[in-house]
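Down below is the structure, laid out as structure tokens.
Here is the naming used below: chain letters follow the sequence lines, and residue numbers restart at 1 for every chain.
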There are 2 protein chains.
Amino acid sequence: MKRSVTINDIADHAGVSRSTVSLVLRGNPRISDDTRERVRHSIRELGYTYNRNAANLRSQTSQAIGLIINDLRNPFFTELTASIEEAADARGYFVYLVQSRESPERQNRLVQSLVEHGVAGMIICPATGTDRDLFDRLHLQKTPVCIAVRPWPDERFDFSGPDNFRAGQLAVDALVAQGHRRIAFLGGERGNPSRDDRLAGYFSALQKNGLRFDDALTVASRPTRTSGIDDLEQVLALADPPTAALCYNDFVAISVMHGLRRHGLEPGRDMALIGFDGMPEAEMSHPTLSTILLDAESVGSNAAALLMNRIANPEAAPSRWIETPKLILRESIGTAPDRGTAAL
Amino acid sequence: MKRSVTINDIADHAGVSRSTVSLVLRGNPRISDDTRERVRHSIRELGYTYNRNAANLRSQTSQAIGLIINDLRNPFFTELTASIEEAADARGYFVYLVQSRESPERQNRLVQSLVEHGVAGMIICPATGTDRDLFDRLHLQKTPVCIAVRPWPDERFDFSGPDNFRAGQLAVDALVAQGHRRIAFLGGERGNPSRDDRLAGYFSALQKNGLRFDDALTVASRPTRTSGIDDLEQVLALADPPTAALCYNDFVAISVMHGLRRHGLEPGRDMALIGFDGMPEAEMSHPTLSTILLDAESVGSNAAALLMNRIANPEAAPSRWIETPKLILRESIGTAPDRGTAAL
DNA sequence: GTTAGTTGGTAGAACGATCTAACAGCAGAA
DNA sequence: TTCTGCTGTTAGATCGTTCTACCAACTAAC
């Protein structure tokens, strides 16, 4: 931070006014080639570095946006973050990356701090349990905000996220098409709106296919790298265990695969599995994992685009980008289950 | 950015001077409880938000650090970034996250821009092909810098990273202990200093174990999610293919597993595999992947700690944190190869 | 009754840029 | 000759804070 040479020093050295130097720095065409060169020369001579914060203070602008995610280690958020960084960079913005770690209190603190730092806007993936007040405040102070990934019932903001309801339906339909009739939904944290929507899609598709909903077949848990194993135990212990499962995300699914092997069961053959997210590792598992692709890259770049529009045009009506999920069939979908076939 | 109510408005409203408000905001004890309360009340009343940039301009401070990595999608960098964010947050700092995408030119631009934004310091994972000039400039302008992950021959800066040489040795020793005598080194980009060090460790351990080095057994390639397959093809085509392989990282290793299956070979049984990084997915692959754990979390938190020390104490002698790699044996290490056993 | 020290607060410059309004100097038109 | 308009440049205020130096009022000591 030791800053010594300023625009004033350049002005003195080049024998022009402070204003002129400023105009040169910003490439204003009104400055003659002659002066421009003299100023440029002084800049190199003195080793000047531009102080963007001072400029931003005066001009009330900012090249920074905030990104609040829950957990960078979740590959969906990794992909999201990477694509937002790329989109922001392409438009000359920097990204402040912060993790709320599913704590609404931390999230409040972070949002406040980002506002104090004068970000041009922010992209927020609301933590489970976020209070509405936060968004009331943001709306009040007219901070440009794009809500991402997690559906949030607030029509005042832009939104970019996957269609989780449709995703849930797609997954069930795929398993029903394989002849499955007892289908579990494993993993995900209760109260997580993404899970709720996938679950709602699951219910809806069960109904549409004339299947009975069995409460014992949906198991929730805190998402960790191994939680799927515990979730699986619960449904395997049932008198009439499921022949297939939707897993809250690909992590859970891969963890469930390991759980199955512990019981001497082969994923895909003894239980059909399908995950959500479409993370790259799904293609590398054994058996390869069927999944519902929720294109994080597209969600991210669209969130960035929405935010940029909002910054440029604060009064425009809020808009929504809903990413259509895509079914990716791989080995874990298996073939028709024995019982399923017998029952037909 | 629409900022209206400032410290002046608070001062007027509370009937005190601007200076007093500033002192209250910073919790200075010289202000009487009475005035403090009056000021606090006005702050709430008017809905004031602190402008940290203005404060930073005056006080020549900053709560932001820059983090330059190559590619966030690489799980090692994901983990590194997450842990740096956490360490920075714990100390009241924000992180500007940027990706150089292995382009030295982009990296130069980004560093320059971060300096202009007045970051307190930065953590840099040098892109392959970085020019020394960049660091000369940084050193000249006394920007606090910690180099991370990629070894970089510059004693003027702090460094935090794994011991890649030792890691290479460890991997070879583990395979030799299983009786392997033809060991390949697959993947990684030529010119990447991390790879070079692992390779040097590989050479050194081969020699130590009395094994002949065969140039045909080291294959380099641009790291993608599937490059391991191509690398594998090259060594399988040899008259005398290897019975085991070090893979540049866990990605490459998992990709090699898939390549083996395409040839009807079983990873672990027909070819022993060991990766580098210790990414969580390694535990979830089938067979589970042996790997050399290079603790990204530790590398990250130590990089953050070194940078913070540097910021607090710019004149201290540079220091280095070298993370000791750890061998993690899993199924992919297999058992002694047939030929290996026969040869004994 | 002067002096010295403490307590609580303030005025005005400063940080390093941009913005507004104006100003020479000159060309061309009336 | 005077006026108008353009070109290139500038002085001074300003953005929202902090910093330095100083001050008034009061207490305690000599």
Taking any heavy-atom pair under 4.0 Å as a contact, classify [X]: base, sugar-phosphate, or nothing.
{"X": "B/R26", "answer": "sugar-phosphate"}
{"X": "A/L23", "answer": "base"}
{"X": "B/N8", "answer": "base"}

From the set [options], return the single nucleotide nearest to any side-chain atom of [X].
{"X": "B/Q60", "options": "D/dT18, C/dC15, D/dT9", "value": "C/dC15"}
{"X": "A/R18", "options": "D/dT17, D/dT10, C/dA17", "value": "C/dA17"}
{"X": "A/L57", "options": "C/dA17, D/dT9, D/dG16", "value": "D/dG16"}
{"X": "B/S59", "options": "D/dC15, D/dC19, D/dT9", "value": "D/dC19"}
{"X": "B/A55", "options": "D/dT18, C/dT10, D/dG16", "value": "D/dT18"}
{"X": "A/S19", "options": "D/dA11, C/dT18, C/dG12", "value": "D/dA11"}
{"X": "B/R30", "options": "D/dT9, C/dA17, C/dG8", "value": "C/dG8"}
{"X": "A/N51", "options": "C/dG16, C/dG8, C/dA11", "value": "C/dG16"}
{"X": "B/S17", "options": "C/dA11, D/dT10, C/dC15", "value": "C/dA11"}
{"X": "B/R58", "options": "D/dT10, C/dG16, C/dA13", "value": "C/dA13"}

Rounding to a whole Å, what distance do you find between [X]:[atom1] and [N]:[atom2]?
{"X": "A/I43", "N": "C/dG16", "atom1": "CD1", "atom2": "C1'", "result": "14 Å"}
{"X": "A/L25", "N": "C/dC19", "atom1": "CG", "atom2": "C1'", "result": "15 Å"}
{"X": "A/N53", "N": "D/dT14", "atom1": "CG", "atom2": "C1'", "result": "17 Å"}
{"X": "A/N28", "N": "C/dT18", "atom1": "CG", "atom2": "C1'", "result": "12 Å"}
{"X": "A/D34", "N": "D/dT7", "atom1": "CG", "atom2": "C1'", "result": "14 Å"}
{"X": "A/Y50", "N": "C/dC15", "atom1": "OH", "atom2": "C1'", "result": "15 Å"}
{"X": "A/N56", "N": "C/dC19", "atom1": "CG", "atom2": "C1'", "result": "15 Å"}
{"X": "A/Y48", "N": "C/dA17", "atom1": "OH", "atom2": "C1'", "result": "7 Å"}

Inset, instruction - Write down the atom of B/T143, the atom of B/M122, and the distance for their closest heavy-atom approach. - result: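 Taking every non-hydrogen atom into account, CG2-CE, 4.2 Å.
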
Inset, instruction - Return the orientation label for the A/H139 and A/F157 ring planes: parallel under 30°, perpendicular over 60°, tilted otherwise. - result: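 Because their plane-to-plane angle is over 60°, the rings of A/H139 and A/F157 count as perpendicular.
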
Inset, instruction - Please state whether the rings of A/F94 and B/Y96 are parallel, tilted or perpendicular, taking 30° and 60° as the class boundaries. - result: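 Ring orientation, 0 to 90° scale: tilted.
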
Inset, instruction - Indicate whether OP1 or OP2 belonging to D/dT7 is found under 4.0 Å from a side-chain N or O atom of A/S32. - result: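 No, because none of the side-chain N or O atoms of A/S32 sits under 4.0 Å from OP1 or OP2 of D/dT7.
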
Legend entry - NZ/NE/NH1/NH2 to OD/OE distance under 4.0 Å, A/R109 and B/D89: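 Salt bridge flag = yes for B/D89 with A/R109.
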
Legend entry - Lys/Arg N to Asp/Glu carboxylate O, A/E85 vs A/R91, below 4.0 Å: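 No, this pair does not count.
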
Legend entry - Pair B/F135 + B/W152: ring centers closer than 6.0 Å: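 Here the rings of B/W152 and B/F135 have centres that are less than 6.0 Å from each other.
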
Inset, instruction - Answer yes or no: side-chain N or O of A/T6 and base N or O of C/dA17 forming a donor-acceptor pair under 3.5 Å. - result: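 There is none.
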
